[in-house]
Asks: 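For reference, the structure I am asking about is given below.
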Amino acid sequence: MYIYDSIQKTKCHFEPIRANEASLYVCGPTVYDNAHLGHARSSLAFDLLSRSLEAHGYRVTMAKNFTDIDDKIIKKVEQTGQTMEEITDFYIDRYLKEMALLGVKRATIEPKATQSLHAIEEMIQTLLDKDIAYLISSGDVYFDTSKDASYGSISHRVSDEESQSRVAHTSQKRNPKDFALWKACKGSEDICFDTAFSSGRPGWHIECSAMIEKHFEAKDGYSIDIHGGGADLLFPHHENEAAQSRCSTGHEVAKYWMHNGFVQIDGEKMSKSLGNSFFLKDALEIYDAEVLRYYLNSVHYRNDFNFSEVELQTSKKRLDKLYRLKKRISPTSASSANKVFKKALLDAMGDDLNISIALAKIDEMVALGNDGLDSNPKDKALKKELYANIEMIDTLLGFGGREPFSYFQIGVDEQLKAQIETLLEERNEAKKAKDFVRSDAIRDRLHTLGVAIMDTPNGTVWEKS
RNA sequence: GGAGCCAUCGCCAAGUUGGUAAGGCCGUAGAUUGCAAAUCUGCUAUUCACCAGUUCGAGUCUGGUUGGCUCCUCCA
């Protein structure tokens with residue numbers, strides 16, 4: 001299996017630090033607000049990675065954290081009067097539910113910053129003991145970037161002069177690039193945790209380093225195989241994380257780094273600061289979750305993704321075709337997937353998750369399947385193989401797993417269903433009587449109800465259009 | 001100001017070591033159908049933003065130009 005490493009900037013053959021195992025850590029959300037499509041894409045991208053690794057025979061251990069202590073959360077506590085836990089529990093719960101709807105598998109480990117404070121304190125203390133970190137009078141602890149010779153190796157950032165930096169300098173910092181490991185409490189209302197060095201809370205970067213150390217055992221100079229996250233985290237977050245880990249543990253945190261591209265709206269990055277967020281909860285109200293999954297995963301994970309309603313509908317059409325085939329072969333059971341097809345899918349996904357090739361192979365498989373059924377509608381062996389193919393797609397890519405008849409009847413209640421059935425019966429009678437004016441009128445009527453019908457040798461079937 | 005990414009058919013989008021442009025949507029012709037829909041088949045980029053170079057040969061490599069995006073500040 002090949003993956004693209006953002007540090008080496010090249011596609012690499014994946015060689016895990018432990019044979020047949022793959023350890024993954026993905027930066028999760030800061031839980032102070034609803035998840036948007038960007039969070040979904042990142043989640044979906046690494047879900048695809050995890051599934052692909054498993055399909056290629058690796059036992060995957062994936063950790064995805066929740067940042068549940070942060071300035072923005074504290075601000076929300078002040079604004080709403082709710083406790084920090086009330087806020088973070090609410091958004092974590094919602095995040096997990098929404099990701100579940102999108103078919104994202106749960107991570108093996110889901111650590112929270114507030115549950116990792118001991119590990120965080122230990123790591124900071126180690127860095128203080130080594131004089132790589134330093135405490136200033138306010139109680140803040142900073143990381144001395146000049147002590148890490150490899151600082152900059154992640155983002156390939158040349159150490160430009162401070163004049164270029166847009167960061168406001170704290171006078172007590174040794175170097176402009178030094179970053180906070182620990183932020184001391186500012187007032188009585190602040191949410192603080194006591195440590196040997198000061199009462200305060202962790203900086204943003206330290207939690208990931210500490211959690212990885214806590215949950216993974218290093219081997220051959222690396223703590224984990226793959227570290228993932230959004231492309232915006234490459235600097236400073238991952239640079240700083242790598243530095244902290246390297247300096248406190250003496251080995252590198254990750255062997256490979258993978259970063260997903262952004263979801264854009266009208267060609268611009270979707271972000272809270274731009275105010276152009278498309279929240280998942282809203283998207284899930286108007287679009288089918290499975291279609292959304294297919295769509296968000298239909299563009300290679302490293303490319304930026306410009307959200308478009310038209311393209312989402314195109315994705316739906318492609319998914320519909322898969323389900324029409326599934327409907328056509330139902331009911332049946334799975335034998336084993338077509339070997340050529342299976343290999344093609346695995347090869348595509350094994351090539352740094354080349355989803356475009358994978359989807360093309362699926363379209364091809366569907367066309368071939370329909371063709372086969374056109375010439376021999378009762379080919380049971382073919383039906384079973386096709387069913388196995390679709391099951392395989394569901395396992396590897398996370399779509400196609402639903403019961404096909406209900407897929408085409410999303411949002412149709414029992415009353416409408418009964419009405420449709422009655423109209424179809426009337427139309428059949430009209431057809432038998434060769435009263436095509438009447439049968440076409442009924443078809444138009446169904447069309448206005450948002451129902452498309454198809455006459456097949458086995459009778460008339462309908463879909464919600 | 002510094003660093004980086006990207007530019008392929010009307011739209012979306014593949015394209016490891018350079019070797020003669022996947023796939024989907026749309027459109028179109030046909031098979032099928034009472035007509036449709038669904039399904040199948042055919043057609044649909046001499047060309048990869050532009051200019052120059054390397055090469056027998058470049059979408060793929062080098063240099064430049066133009067345009068778009070991202071990071072350097074919280075961010076998936």
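Protein chains get the first letters and strands the later ones, always in sequence-line order, with residue 1 at the start of each.
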Asks: Rounded to whole Å, please give me the gap between CZ in A:Phe235 and C1' in B:rA3.
Replies: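 So the two atoms are 10 Å apart, to the nearest Å.
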Asks: Does B:rC9 have a Watson-Crick or wobble partner in any strand here, with both distances under 3.5 angstrom, and which is it?
Replies: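 Here B:rC9 is not engaged in any pair, so there is no nucleotide opposite it.
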Asks: Check every strand shown and say whether A:His36 touches a base, only sugar-phosphate, or nothing at a heavy-atom separation below 4.0 Å.
Replies: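 Here A:His36 touches the bases of the nucleic acid.
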Asks: Applying the Watson-Crick and G-U wobble criteria at under 3.5 Å, what pairs with B:rA3? Answer none if nothing qualifies.
Replies: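 Check on B:rA3: paired to B:rU70, both distances under 3.5 Å.
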Asks: Report the base-pairing partner of B:rU65 (Watson-Crick or G-U wobble, both distances below 3.5 angstrom), or none.
Replies: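 Here B:rU65 is engaged in a pair, and the nucleotide opposite it is B:rA49.
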Asks: Below 4.0 angstrom, which residues in residues 431-442 of chain A have at least one non-hydrogen atom near RNA chain B?
Replies: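 Within residues 431-442 of chain A, the residues near RNA chain B are A:Lys431, A:Phe436, A:Ser439, A:Asp440.
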Asks: Measure from NE2 on A:His237 to C1' on B:rA76 and round the result to the nearest Å.
Replies: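 Nearest whole value for this atom pair: 11 Å.
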Asks: Looking at every strand, decide which applies to A:Gln264 at a 4.0 Å heavy-atom threshold: base, sugar-phosphate, or nothing.
Replies: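 Sugar-phosphate contact only.
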Asks: Let me have a per-nucleotide readout for nucleotides 19-33 of chain B, 5' to 3', with B, S or -, counting only protein heavy atoms under 4.0 Å.
Replies: ---BSSSS-------
Asks: For the P atoms, the ones on B:rG59 and on B:rU17, what distance do you get once it is rounded to whole angstrom?
Replies: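 Per the computed distance, 14 Å lies between those P atoms.
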Asks: May I ask which nucleotide in the shown strands pairs with B:rA37, Watson-Crick or G-U wobble, both distances under 3.5 Å?
Replies: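 Looking at the geometry, B:rA37 pairs with no nucleotide.
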Asks: How long is the line joining CG of A:Asp347 and P of B:rG15, in whole Å?
Replies: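 Answer to the nearest Å: 14 Å.
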Asks: The side chain of A:Met454 is closest to which nucleotide in this list: B:rA76, B:rC40, B:rA38?
Replies: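 The answer is B:rA38, which lies nearest to the side chain.
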Asks: Report the nucleotide, chosen from B:rC5, B:rA76, B:rA14, that has the shortest atom-to-atom distance to any side-chain atom of A:Lys9.
Replies: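 That would be B:rC5.
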Asks: From the set B:rA76, B:rC72, B:rC40, return the single nucleotide nearest to any side-chain atom of A:Ala367.
Replies: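 Taking heavy atoms from C-beta onward, the closest nucleotide is B:rC40.
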Asks: By disulfide bond (SG atoms under 2.5 Å apart), which residues pair with A:Cys27, not counting sequence neighbours?
Replies: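 With sequence neighbours excluded, A:Cys27 shows a disulfide bond (SG atoms under 2.5 Å apart) to no residue whatsoever.
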Asks: Whole-Å distance between B:rA76 P and A:Glu241 CD?
Replies: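 Taking CD of A:Glu241 and P of B:rA76, I get 13 Å after rounding.
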Asks: Using a 6.0 Å distance limit plus a 45 degree cone around the ring axis, check whether A:Lys177 lies over the aromatic ring of A:Tyr151.
Replies: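 Pair A:Lys177/A:Tyr151 does not count as cation-pi.
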Asks: Sticking with atom C1', work out how far B:rG27 lies from B:rU66, rounded to a whole angstrom.
Replies: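 One C1' to the other, the span is 32 Å.
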Asks: According to a strict under-4.0 Å criterion, is A:Asn370 in side-chain N/O contact with OP1 or OP2 of B:rC40?
Replies: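 Checking A:Asn370 against B:rC40: at least one side-chain N or O falls below 4.0 Å of OP1 or OP2.
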Asks: Could you check whether A:Ser209 and A:Ser245, counting side-chain N and O atoms only, form a donor-acceptor pair closer than 3.5 Å?
Replies: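 A pair is found: one side chain offers a donor N or O, the other an acceptor, under 3.5 Å apart.
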Asks: What's the CG-C1' distance between A:Leu449 and B:rA37, to the nearest Å?
Replies: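 Checked: the CG to C1' distance equals 16 Å.
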Asks: Among pairs that include at least one residue of residues 294-314 of chain A, which meet salt bridge (charged side-chain N to carboxylate O under 4.0 Å, His left out), considering only residues two or more places apart or in two chains?
Replies: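 Pairs touching residues 294-314 of chain A that pass the test: A:Arg302-A:Asp352.
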Asks: What distance, rounded to whole Å, do you find between the two P atoms, one in B:rU60 and one in B:rA7?
Replies: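 Going atom to atom, P in each nucleotide, I get 11 Å.
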Asks: Using purine N1 to pyrimidine N3 plus N6-O4 or O6-N4 for Watson-Crick, or N1-O2 and O6-N3 for G-U wobble, both under 3.5 Å, which nucleotide pairs with B:rG42?
Replies: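 Its partner is B:rU28.
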Asks: At under 4.0 Å, does any side-chain N or O of A:Lys269 touch on OP1 or OP2 of B:rA76?
Replies: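 So the side chain of A:Lys269 is outside the cut-off, no N or O lying under 4.0 Å from OP1 or OP2 of B:rA76.
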Asks: Need the pair for B:rU16. Rule: Watson-Crick or G-U wobble, both distances under 3.5 Å, any strand; none if unpaired.
Replies: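 Partner of B:rU16: none found under 3.5 Å.
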Asks: Mind checking the C1' distance from B:rU47 to B:rG57? Whole angstroms is fine.
Replies: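 Nearest-Å result for B:rU47 against B:rG57 at atom C1': 16 Å.
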Asks: Figure out the CG/C1' separation between A:Leu368 and B:rU41, and round it to whole Å.
Replies: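 These atoms are roughly 13 Å apart.
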Asks: For residues 424-432 of chain A, dump all side-chain donor-acceptor pairs below 3.5 Å to protein atoms at least two apart in sequence or in another chain.
Replies:
{"from": "A:Arg427", "atom 1": "NH1", "to": "A:Asp455", "atom 2": "OD1", "distance (Å)": "3.2"}
{"from": "A:Arg427", "atom 1": "NH2", "to": "A:Asp455", "atom 2": "OD2", "distance (Å)": "2.9"}
{"from": "A:Lys431", "atom 1": "NZ", "to": "A:Asp455", "atom 2": "OD2", "distance (Å)": "3.2"}

Asks: Taking the same atom, C1', in B:rA76 and in B:rC12, what whole-Å distance lies between them?
Replies: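 Result for the C1' pair: 23 Å, nearest Å.
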Asks: When rounded to the nearest Å, what value does the distance between P atoms of B:rG19 and B:rC61 take?
Replies: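 The answer is 11 Å between these two P atoms.
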Asks: Does the side chain of A:Arg324 get closer than 4.0 angstrom to OP1 or OP2 of B:rU39 through an N or O atom?
Replies: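 Answer yes for this pair, as a side-chain N or O of A:Arg324 is under 4.0 Å from OP1 or OP2.
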Asks: Taking B:rA22 as the reference, what is the distance to B:rU32 when you measure between their P atoms (whole Å, please)?
Replies: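 To the nearest whole Å, 30 Å.
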Asks: Classify A:Tyr2 by what it touches in the nucleic acid, base, sugar-phosphate, or nothing, heavy-atom distance under 4.0 Å.
Replies: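 If one applies the 4.0 Å heavy-atom cut-off, A:Tyr2 turns out to touch nothing in the nucleic acid.
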Asks: Using a cut-off of 4.0 Å on non-hydrogen atoms, how would the nucleic acid contact of A:Gly228 be classed: base, sugar-phosphate, or nothing?
Replies: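 Result for A:Gly228 = nothing.
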Asks: Looking at B:rA22, which nucleotide sits across from it as a Watson-Crick or G-U wobble partner, both distances under 3.5 angstrom, or is there none?
Replies: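 Check on B:rA22: unpaired, no WC or wobble geometry under 3.5 Å.
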Asks: Across the strands shown, which category fits A:Gly229 at heavy-atom distances under 4.0 angstrom: base, sugar-phosphate, nothing?
Replies: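 The answer is sugar-phosphate, as A:Gly229 gets under 4.0 Å only of primed atoms, P, OP1 or OP2.
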Asks: With C1' as the reference atom in both, quote the distance from B:rU28 to B:rA3 in angstrom, rounded to an integer.
Replies: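 Looking at atom C1' only, B:rU28 and B:rA3 are 48 Å apart.
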Asks: Categorize A:Val461 for me: base, sugar-phosphate, or nothing, with a 4.0 angstrom heavy-atom threshold over every strand shown.
Replies: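 The answer is nothing, as A:Val461 stays clear of every strand by at least 4.0 Å.
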Asks: Given A:Arg402, which of A:Asp394, A:Asp288, A:Asp320 fulfils the salt bridge (Lys or Arg N to Asp or Glu O under 4.0 Å) condition?
Replies: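 Among A:Asp394, A:Asp288, A:Asp320, the one meeting salt bridge (Lys or Arg N to Asp or Glu O under 4.0 Å) with A:Arg402 is A:Asp288.
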Asks: In a table with atom names and distances, give each donor-acceptor pair under 3.5 Å that connects a side chain of residues 360-367 of chain A to protein atoms at least two apart or in another chain.
Replies:
{"from": "A:Asp363", "atom 1": "OD2", "to": "A:Arg318", "atom 2": "NE", "distance (Å)": "2.9"}
{"from": "A:Asp363", "atom 1": "OD2", "to": "A:Arg318", "atom 2": "NH2", "distance (Å)": "2.5"}

Asks: Whole-Å distance between B:rG15 P and A:Ile355 CD1?
Replies: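 About 12 Å, once rounded to whole Å.
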Asks: In chain order, what residues pass the salt bridge (Lys or Arg N to Asp or Glu O under 4.0 Å) check against A:Lys75, with sequence neighbours excluded?
Replies: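 Listed in chain order: nothing, the list is empty.
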Asks: OP1 or OP2 of B:rC12 sitting under 4.0 Å from any side-chain N/O of A:Asn306?
Replies: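 No, outside the criterion.
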Asks: Name the nucleic acid region contacted by A:Arg302, choosing base, sugar-phosphate or nothing; use a 4.0 angstrom heavy-atom cut-off, strictly under.
Replies: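 It contacts nothing in the nucleic acid.
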Asks: Could you tell me whether A:Asp71 and A:Arg201 make a salt bridge, using a distance below 4.0 angstrom between a side-chain N and a carboxylate O?
Replies: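 A salt bridge is present here (some side-chain N lies under 4.0 Å from a carboxylate O).
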Asks: Ring centroids only, cut at 6.0 angstrom: are A:Phe66 and A:Tyr95 within range, meaning strictly under it?
Replies: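 Yes, close enough.
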Asks: When the side chains of residues 226-239 of chain A are checked against the rest of the protein, which donor-acceptor pairs come out under 3.5 Å, sequence neighbours left out?
Replies:
{"from": "A:His227", "atom 1": "ND1", "to": "A:Glu241", "atom 2": "OE2", "distance (Å)": "3.3"}
{"from": "A:His227", "atom 1": "NE2", "to": "A:Glu241", "atom 2": "OE2", "distance (Å)": "3.4"}
{"from": "A:Asp232", "atom 1": "OD2", "to": "A:Lys269", "atom 2": "NZ", "distance (Å)": "3.4"}
{"from": "A:His238", "atom 1": "ND1", "to": "A:Glu241", "atom 2": "OE1", "distance (Å)": "3.4"}
{"from": "A:Glu239", "atom 1": "OE1", "to": "A:Ile154", "atom 2": "N", "distance (Å)": "3.4"}
{"from": "A:Glu239", "atom 1": "OE1", "to": "A:Ser155", "atom 2": "N", "distance (Å)": "2.7"}
{"from": "A:Glu239", "atom 1": "OE1", "to": "A:Ser155", "atom 2": "OG", "distance (Å)": "2.5"}
{"from": "A:Glu239", "atom 1": "OE2", "to": "A:Gly152", "atom 2": "N", "distance (Å)": "2.6"}
{"from": "A:Glu239", "atom 1": "OE2", "to": "A:Ser153", "atom 2": "N", "distance (Å)": "3.3"}
{"from": "A:Glu239", "atom 1": "OE2", "to": "A:Ile154", "atom 2": "N", "distance (Å)": "3.3"}

Asks: Quick check: on RNA chain B, is the nucleotide nearest A:Ser298 upstream (toward 5') of the one nearest A:Val366, or the reverse? Name the residue that is more 5'.
Replies: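 Result of the comparison: A:Ser298.
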Asks: So A:Asn260, base contact, sugar-phosphate only, or nothing? Heavy-atom distance under 4.0 Å.
Replies: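 A:Asn260: base contact, heavy atoms under 4.0 Å.
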Asks: Tell me, please, which residues at least two apart from A:Phe436 pass ring-ring contact (aromatic ring centres under 6.0 Å, His included).
Replies: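 So A:Phe436 forms no ring-ring contact (aromatic ring centres under 6.0 Å, His included) with any residue.
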Asks: Would you kindly check if the NZ (Lys) or CZ (Arg) of A:Lys72 is within the cone defined by 45 degrees around the ring axis of A:Tyr32 and under 6.0 Å from the six-membered ring centre?
Replies: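 Yes, A:Lys72 lies over the aromatic ring of A:Tyr32.
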